[in-house]
Amino acid sequence: MMTKKLNGILLLFFFALATNATAQEVAPLKTFDYHISLNKLKTDAQAQNIQLEVSKISGVKNAELILINYALTFSCTNHDMTRYAVMDKVKTVIVSNGSEIVNIERTQRDEK
């Protein structure tokens, strides 16, 4: 008799634990603007290739690279940043095209 009660209590405990483990809070949607300072940008073709490849990454919006400023800018949401591993892909594009990252600045956009 005691074993049935104990099994019932344990069953309820594990059911409650499993239900609670799957209920995860989702972070509110935020949009960030990124400004990445680059080094070793030598040609316009190199800059255009970086901009084109970054703009093709899922979740990236408004990718722009201005060679005279040595700066890559783009926008992305926090959800897309996590879902698509955007920064890892951006870093790979920059390095594979012979450039280097000097500084990364991120600012949060005010949602209206």
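The figures here come from the full heavy-atom set of this structure, side chains too, leaving out hydrogens, waters and symmetry mates.
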Distance col, row Gln46:CD vs Leu67:CG, nearest 0.5 angstrom, shows 8.0 Å
Does Asn78 reach the side chain of Leu29, with side-chain heavy atoms less than 4.5 Å apart? yes
Judged by atom type as modelled, is there a donor-acceptor pair below 3.5 Å linking the side chain of Lys89 to the main-chain atoms of Tyr84? yes
Smallest heavy-atom separation, Arg83 atom then Asp80 atom, equals NH1-OD1, 2.8 Å
Using a 4.5 Å cut-off on heavy atoms from C-beta on, say whether the side chain of Ile50 contacts that of Ile94. yes
Counting only heavy atoms not in Lys56 (residues, nucleotides, ligands), do more than 12 fall under 6.0 Å from its NZ? no
Below 4.5 Å, heavy atoms only, C-beta onward: do Met87 and Ile104 meet side chain to side chain? yes
With sequence neighbours left out, the residues meeting side-chain hydrogen bond (donor to acceptor under 3.5 Å, both in side chains) with Asn69 are none
Across all chains, not counting sequence neighbours, the salt bridge (Lys or Arg N to Asp or Glu O under 4.0 Å) partners of Lys40 are Glu100
Check whether any side-chain heavy atom of His79 lies under 4.5 Å from a side-chain heavy atom of Val26, and answer yes or no. yes
Nearest heavy-atom pair of Leu38 and Val102: which atoms, and what distance? C-CG2, 3.8 Å
Salt bridge (Lys or Arg N to Asp or Glu O under 4.0 Å) involving Asp88 - partner list, sequence neighbours excluded: none
Grab the two heavy atoms, one from Cys76 and one from Val86, that are nearest each other, plus how far apart they are. SG-CG2, 3.8 Å
Output for pair (Asn62 CG, Thr73 OG1), nearest 0.5 Å, gives 8.0 Å
Enter the distance from Lys42:NZ to Asn97:CG here, rounded to the nearest 0.5 Å. 12.5 Å
Applying ring pair (Phe, Tyr, Trp, His ring centres under 6.0 Å), which residue pairs with at least one partner in residues 46-75 are found, sequence neighbours left out? Tyr34-Phe74
dist Leu65:CG -> Ser99:OG (nearest 0.5 Å) comes out at 8.0 Å
For the residue pair Val60 and Ala63, what are the closest heavy atoms and their distance? CG1-CB, 4.0 Å
From Thr31 OG1 over to Asp110 CG, what is the distance, rounded to the nearest 0.5 angstrom? 10.5 Å
Are Ile66 and Ile101 linked, directly or through other ILVMFWY residues, by side chains that come within less than 4.5 angstrom of each other? no
With sequence neighbours excluded, what pairs up with Arg106 under the salt bridge (Lys or Arg N to Asp or Glu O under 4.0 Å) test? none
OG1 of Thr77 to NZ of Lys30: how many Å apart, nearest 0.5 Å? 12.0 Å
What residues form a side-chain hydrogen bond (donor to acceptor under 3.5 Å, both in side chains) with Gln48, not counting sequence neighbours? Asp44
